[in-house]
Amino acid sequence: MIQGMGGLMSVTGGPDGAPGGGPQKVGVPIVDIMTGMYATIGVLAGLARRAETGKGDVIDLAMLDVSAAMLANQAMNYLVSGKVPVRRGNRHPNIQPQDVLPVKDGHIVLAVGNDEQFVRFAEVIGRPELSGDERFRTNRARVENLDVLMPAIEAALAERGVEEWVQALSAAGVPCGPINTVDRVFEDPQIRHRAMVRDLPHPLSGSLRQVVSPLRFENAPLAFERHAPLLGEHTAEVLSALGLDDSPEGA
């Protein structure tokens, strides 16, 4: 509901009239997550202020506000131009070519971020003349002539598969990647190297595979001293820390 009210669904999904087009929500509860992140930032800011002034603060945070703040470049596109952003599927509204594109055996995510990257991209796909074409020489020109540019790119990409393109483009410094299913995410060499999944002890199941915090601190390594809490497991401990108790008399 908040994704809809806050505008996110109006810019997420395929264009109206396209097969499968229409508003879509993000595949995870992104506004809930980001509201928690903003709350954390607010708490840290309040603690920093208290350290400087001796005074704390009261944080007022609303999910609808967060959803509006998350419109980011789409909000500024509207505020600067007065033009209401529309759903473009996976196409970036301001930077091109940046899209999900078909290849011989699947799809890749391509994110060419600037004119210099486009020169390298054109060379790797065997179409160096594209970067010299006035219609595609600059990002602005590529955005304006995208309907002409994309068929040429798609024809070139159709000649090789996902793994081949990812290796070739990555070697040339052109941002791209596969579209991993969740199981493949956790088999990704970098995710495994970063130990993002840990098998941690748990009182009900013996152990439980969990995604851990992405934060890494040089002087404070991640520590896993407690299992994921059971319902109400720490009620007495929390209340005690606040000088309260959970007995009927204390409540």
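Nearest heavy-atom pair across Ala168 and Arg160 is CB-NH2, 3.9 Å.
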Only distances under 3.5 Å count here; give the side-chain donor-acceptor pairs of residues 19-35 to other protein atoms, sequence neighbours excluded, each with its distance to 0.1 Å.
unit_1: Thr35; atom_1: OG1; unit_2: Val31; atom_2: O; d: 2.7

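Residues Leu8 and Ile2 are members of one and the same hydrophobic cluster, defined by side-chain heavy-atom contacts under 4.5 angstrom among Ile, Leu, Val, Met, Phe, Trp and Tyr. Side-chain heavy atoms closer than 4.5 Å link hydrophobic residues (I, L, V, M, F, W, Y) into clusters, and following such links, even through other members, never connects Met150 to Val143. Follow the hydrophobic side-chain contacts under 4.5 Å out from Val100 and you never reach Leu110; the two are in separate clusters. The same ILVMFWY cluster, assembled from side-chain heavy atoms under 4.5 Å apart, contains both Val174 and Val166. Cluster membership check: Met70 does not share its hydrophobic cluster with Met9, using side-chain heavy-atom separations under 4.5 Å among Ile, Leu, Val, Met, Phe, Trp and Tyr.
Residues in residues 172-223 take part in these ring pair (Phe, Tyr, Trp, His ring centres under 6.0 Å) pairs, two or more places apart or across chains: His202-His227. A salt bridge (Lys or Arg N to Asp or Glu O under 4.0 Å) check over residues 48-66, counting only residues at least two apart or in different chains, returns nothing. Applying the side chain to side chain donor-acceptor pair (under 3.5 Å) rule to pairs touching residues 7-19 yields Asp16-Arg87, sequence neighbours excluded. Applying the salt bridge (Lys or Arg N to Asp or Glu O under 4.0 Å) test to pairs two or more places apart or on separate chains, those with a residue in residues 90-111 are Arg91-Asp99, Arg91-Asp147. Pairs passing the salt bridge (Lys or Arg N to Asp or Glu O under 4.0 Å) check and including a residue from residues 188-201, sequence neighbours excluded, read Glu187-Arg192.
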Test salt bridge (charged side-chain N to carboxylate O under 4.0 Å, His left out) applied to Arg137 and Glu134, step by step: CA-CA 5 Å; Arg137 187 186 297 275; Glu134 289 298 328; 2.9 Å; yes
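If you take CG on Asn139 and CD on Glu144, they are separated by 10.0 Å, rounding to the nearest 0.5 Å. Here the CD1-CZ distance, from Ile191 to Arg184, works out to 13.5 Å after rounding to the nearest 0.5 Å.
Shown here is Glu163, whose CD atom has no more than 12 heavy atoms of other residues, nucleotides or ligands within 6.0 Å.
Judged by distance alone, with hydrogens and angles left aside, the side-chain atoms of Arg88 form no donor-acceptor pair with the main-chain N or O of Pro93 at under 3.5 Å. Judged by distance alone, with hydrogens and angles left aside, the side-chain atoms of Ser170 form no donor-acceptor pair with the main-chain N or O of Gln167 at under 3.5 Å. Glu237 contributes no side-chain N or O that, together with a main-chain N or O of His234, makes up a donor-acceptor pair within less than 3.5 Å. With hydrogens and angles disregarded, a donor-acceptor distance shorter than 3.5 Å links the side chain of Ser81 to the backbone of Asn77. Panel note: side chain Gln117, backbone Gly113; a donor-acceptor pair is recorded below 3.5 Å.
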